[in-house]
Amino acid sequence: MIYPKKNNIIRRAFHTYVHWIIRRHFNNINFNVIDINKNKSVLLIANHCGFWDGFLLYWVNCKVFKKNFHIMLLERTSKRVPILKYGGAFSINKKSRDIIESLDYAAQLLNEPGNLVLIFPQGKLYSNFITGVEFEKGIIKIIKQAAGKFQTIFSTTFIENFEHKHPGAYIYLKTADDNFSTIKELQDAYQQHYTASHQQQTQIVI
């Protein structure tokens, strides 16, 4: 397992870089405001549609959640882009015994109210045009282990250009229940949010 690394100089450089590339490549970032419990950590559950997902939600964290950002990434991604560990990334290898260590580590992070942990439970990249989501089951272990310590937030991201050369990002946030006991309960709840967000997105007319 690859753990996050603490280096204030590199972390500040990473922070500056993320804000720079977001401003450079996006015409606008749109998101709704939700209430945040400052006394709890945040488990941010999101769809995974492309390269920008983690960077965009890092940016949203700076604007909305204001927590210590952590993101679970596939081990091959962590190895390919090692600087990400200075931005709070830690790895998971679904084909290794280290998977338990990664899930335990995520739960430990959620024990601290100052932390945010971003997870993409789909486990793979999917098109923005899909209508249904399917989750892998590991996230339920995290939820049960850290029960009562965190606030669950659902996030759905869509990226569209419309009339602009550079795209806009449309991020839909929702406060969710915190006591899911099965992966189906979690997936069904997220599906409702995803469907509502998808419908709202398709109603945008420029």
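Counting heavy atoms of neighbouring residues, nucleotides and ligands inside a 6.0 Å radius, atom OH of Y17 does not exceed 12 of them. The 12-atom threshold is exceeded at CD of E160, counting heavy atoms of other residues, nucleotides or ligands nearer than 6.0 Å. Around the NZ atom of K141, the shell of radius 6.0 Å holds more than 12 heavy atoms that belong to other residues, nucleotides or ligands. Under a cut-off of 6.0 angstrom, the local environment of CZ in F129 is sparse, with at most 12 non-hydrogen atoms contributed by other residues, nucleotides or ligands.
Residue I119 holds its CD1 atom at 7.0 Å from CD1 of I45, rounded to the nearest 0.5 Å. For the atom pair M72 CE and I92 CD1, the distance stands at 4.0 Å (nearest 0.5 Å). With values rounded to the nearest 0.5 angstrom, D53 atom CG is found 6.0 Å from I159 atom CD1. With rounding to the nearest 0.5 angstrom, the CG atom of N179 is 8.0 Å from the CD atom of E185. Put simply, CG on N161 and CZ on F26 are 9.5 Å apart, with the number rounded to the nearest 0.5 Å. Rounding to the nearest 0.5 angstrom, the gap separating the CD1 atom in I2 from the CG atom in L73 is 9.5 Å.
In this structure, T16 contributes its side chain and R12 its backbone to a donor-acceptor pair below 3.5 Å. Distance alone, capped at 3.5 Å, places no donor-acceptor pair between the K63 side chain and the V60 backbone.
In terms of the ring pair (Phe, Tyr, Trp, His ring centres under 6.0 Å) criterion, F150 has no residue partners (sequence neighbours excluded). Judged as a salt bridge (Lys or Arg N to Asp or Glu O under 4.0 Å), and not counting sequence neighbours, the contacts of E136 are K94.
Note: H198 and F158 have perpendicular aromatic rings, judged against thresholds of 30 and 60 degrees for the angle between ring planes. Using bins of under 30°, 30° to 60° and over 60° for the plane-to-plane angle, the ring pair Y190/H193 lands in the perpendicular bin.
Counting only heavy atoms from C-beta outward, the side chains of D35 and N37 never approach each other to under 4.5 Å. With a 4.5 Å cut-off on side-chain heavy atoms, N128 and T157 do not count as touching. Side-chain contact between E112 and S41 is absent, with no heavy-atom pair separated by less than 4.5 Å. When side chains are defined from C-beta on, V133 does not count as touching Y126, because their heavy atoms never get closer than 4.5 Å. Using a 4.5 Å heavy-atom cutoff, the side chains of S102 and M1 are in contact. Residues L44 and L57 form a side-chain contact, since some pair of their non-hydrogen atoms from C-beta on lies under 4.5 Å apart. Taking the side chain as every heavy atom from C-beta outward, L43 and Q151 never approach each other to under 4.5 Å. For the pair T182/I140, no side-chain contact is recorded, criterion being any heavy-atom separation below 4.5 Å from C-beta on.
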Using a 3.5 Å cut-off and no angle test, enumerate the donor-acceptor pairs between side-chain atoms of residues 167-174 and protein atoms at least two apart in sequence or in another chain.
{"residue": "Y172", "atom": "OH", "partner": "Q201", "partner atom": "OE1", "Å": "2.6"}

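One side chain, T195 or Q191, offers a donor N or O that lies under 3.5 Å from an acceptor on the other. No side-chain donor from either of H166 and N27 sits under 3.5 Å from a side-chain acceptor of the other. The closest side-chain donor-acceptor pair between Y3 and E101 falls under 3.5 angstrom. Counted by atom type alone, N28 and N30 present one or more donor-acceptor pairs between their side chains at under 3.5 Å.
Considering every non-hydrogen atom in both H70 and N115, the closest pair reads CE1-OD1, 3.3 Å. Nearest heavy-atom pair, G138 versus L103, reported as atom, atom and distance to 0.1 Å: O-CD2, 3.7 Å. For G123 against L74, the heavy-atom pair with the smallest separation is O-CD1, 4.2 Å.
Between F69 and F65, the ring centre distance reaches or exceeds 6.0 Å. When ring centroids are compared, F14 and Y86 stay outside the 6.0 Å threshold.
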Next on the checklist: Evaluate T202 against I204 for side-chain contact (heavy atoms from CB on, under 4.5 Å), listing each step before the verdict.
Outcome noted: CA-CA 5 Å; T202 58; I204 296 176; over 6 Å; no

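Each of Y58, W59, W20 was scored for a ring pair (Phe, Tyr, Trp, His ring centres under 6.0 Å) with H15, with one residue passing: Y58.
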